[in-house]
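These numbers were taken from a predicted model, which means no experiment stands behind them. Within every chain, numbering begins at 1; the chains are lettered A, B, ... in the order of the sequence lines, protein sequences first and strands thereafter. Just so it is clear, the values below take in all heavy atoms, side chains as well, and ignore hydrogens, waters and symmetry mates.
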There are 2 protein chains.
Amino acid sequence: MRLFLEKGYGSTSVADVLRAARANSGSLYHFFPAKHDLLLAVLERYRSEIEPRLLAPAWRGVADPIERVFALLRVYRRLLVETGFFYGCPVGSLALEIHEPDPAVRRLLAANFERWAGAVRGCLREAGDRLPVDADPRELSLFVLAVMEGAVMQARTHRSLEAFDASVRRLRDYFRRLEKGARRPRLRPAPAAKEKIR
Amino acid sequence: MRLFLEKGYGSTSVADVLRAARANSGSLYHFFPAKHDLLLAVLERYRSEIEPRLLAPAWRGVADPIERVFALLRVYRRLLVETGFFYGCPVGSLALEIHEPDPAVRRLLAANFERWAGAVRGCLREAGDRLPVDADPRELSLFVLAVMEGAVMQARTHRSLEAFDASVRRLRDYFRRLEKGARRPRLRPAPAAKEKIR
DNA sequence: GTCTATATACGGATAGAC
DNA sequence: GTCTATCCGTATATAGAC
């Protein structure tokens, strides 16, 4: 997982994996008949770790569903900073690296995106009528994912947070405007949304 | 260029290039001492072609500056459809494929993003006070680029336009809300923006 | 500048003893 | 299941005649 994240799939040789895992050729090939199977296993694990290793820590102490969306984005920001813009979104990188139309790989990449966007969608549904009815949660969740991937891509390329922060700020602005335009659940003007986190 | 777009940099062998160009090893290496230099040349050409081969055709017959932003996105949509989700944004793909910290390559990738976002920024500036003053054109342009790249990534992965169209629709919604919130430049309500294209 | 032939290393994958 | 040794193709790059 670490090697594919750091160097990508194609540039990681099986020899690299053997060295990093301190395993021998025969052992590795006993469990993974081809390098390809290694990729499938990695993508499966990414998917299964979205919940416990990404969402759970990101949302610890963040109750507000819309804040959770931005707490998730903050994880990627921190990852970029902490690794000197070396790590980004592992799934996104692999998605653009793999050009072969291998159906099994594509399915797993799609499943990763689906789970990520599905989690965001859950937040948006939970936000209920703080968002206008025409702001379809499914559409919005795919939009949030697009912004995250594009923001990470730019950050890694420029080795700078500017584009990332700018994108998140504009997304935040969009959500603010959506909330303002939503039908009011209260009789009195809503109190300013809590935004202390961060 | 075509090979890097179709197969990526790493998976394209020099032999592939030789075959496609109907050239011989000696000839190619006479002009490009290493494969690496081929990548640099391709990235330079992408940058120089953004204006004449991407923006100019995209904006033919589209005068409204904000419509131009969406006309640009439509080019990527059409590219995805026409190639069966094979081609996306060549720069974005290379940006995520290349993990080496090669400064020359990174600079050129960044320059490509910069020119693209710069063009969008020009549109937004031209839109003047149809957008609110707090909608910084620089921030907005980086946001638009992020949305495009993330939308293309999802489209290619799912081999479907759903996420792409959803993202563009949400971006459109954002711009509508921005325009609504801007201070009105005219005394009478502005006539509906031209949107005949497409 | 272009041609053919080739150097040299490394890629994924396998053989077969233990 | 794990070990060492190795097969064989393909990779980038070069040599040297023309």
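Of all nucleotides in DNA chain D, those with any atom nearer than 4.0 Å to a heavy atom of chain A start and finish, going 5' to 3', at D:dG1 to D:dA5.
A salt bridge links A:Arg121 and A:Glu114; the closest N-O separation between the charged side-chain nitrogens and carboxylate oxygens is under 4.0 Å.
Note that B:Arg172 lies in the cation-pi zone of B:Phe70, set by a 6.0 Å cut-off to the ring centre and a 45° limit from the axis.
For residues 52-61 of chain A, the set of pairs meeting the side chain to side chain donor-acceptor pair (under 3.5 Å) definition, not counting sequence neighbours, is empty. For residues 30-51 of chain B, every residue pair satisfying the side chain to side chain donor-acceptor pair (under 3.5 Å) rule, not counting sequence neighbours, is listed here: B:His36-B:Asp102.
Applying the side-chain contact (heavy atoms from CB on, under 4.5 Å) test to B:Glu139 and every residue at least two apart in sequence or in another chain returns A:Ala166, A:Arg169, A:Arg170, B:Asp136.
Among the protein residues, B:Ala34 comes within range of the sugar-phosphate backbone only, with heavy atoms under 4.0 Å from sugar or phosphate atoms but none that close to a base.
Aromatic pair A:Phe164/A:Tyr76: centroids not less than 6.0 angstrom apart.
Rounded to 10 degrees, the angle separating the terminal axes of the helix from C:dG1-D:dC18 to C:dC18-D:dG1 is 10°, with each axis obtained from five end pairs.
Between A:Phe143 and B:Phe143, the ring planes lie perpendicular to each other; the angle is over 60°, past the 30° to 60° tilted range.
Hydrophobic clustering places A:Leu124 together with A:Val75 (ILVMFWY residues linked when any side-chain heavy atoms are closer than 4.5 Å, directly or through intermediates).
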Can you pull every protein N or O that's under 3.5 Å from an N or O on nucleotides 4-11 of chain C?
| residue | atom | partner | partner atom | Å |
| --- | --- | --- | --- | --- |
| C:dT4 | OP2 | B:Asn24 | ND2 | 2.9 |

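Between A:Leu28 atom CG and C:dT14 atom P there is a gap of 12 Å when expressed in whole angstrom units.
Although no hydrogens or angles enter the test, the distance criterion places no donor-acceptor pair under 3.5 Å between the side chain of A:Glu149 and the main chain of B:Glu149.
At a cut-off of 3.5 Å, with distance as the only test, a side-chain donor of A:Asp16 or A:Ser13 sits close to an acceptor on the other residue.
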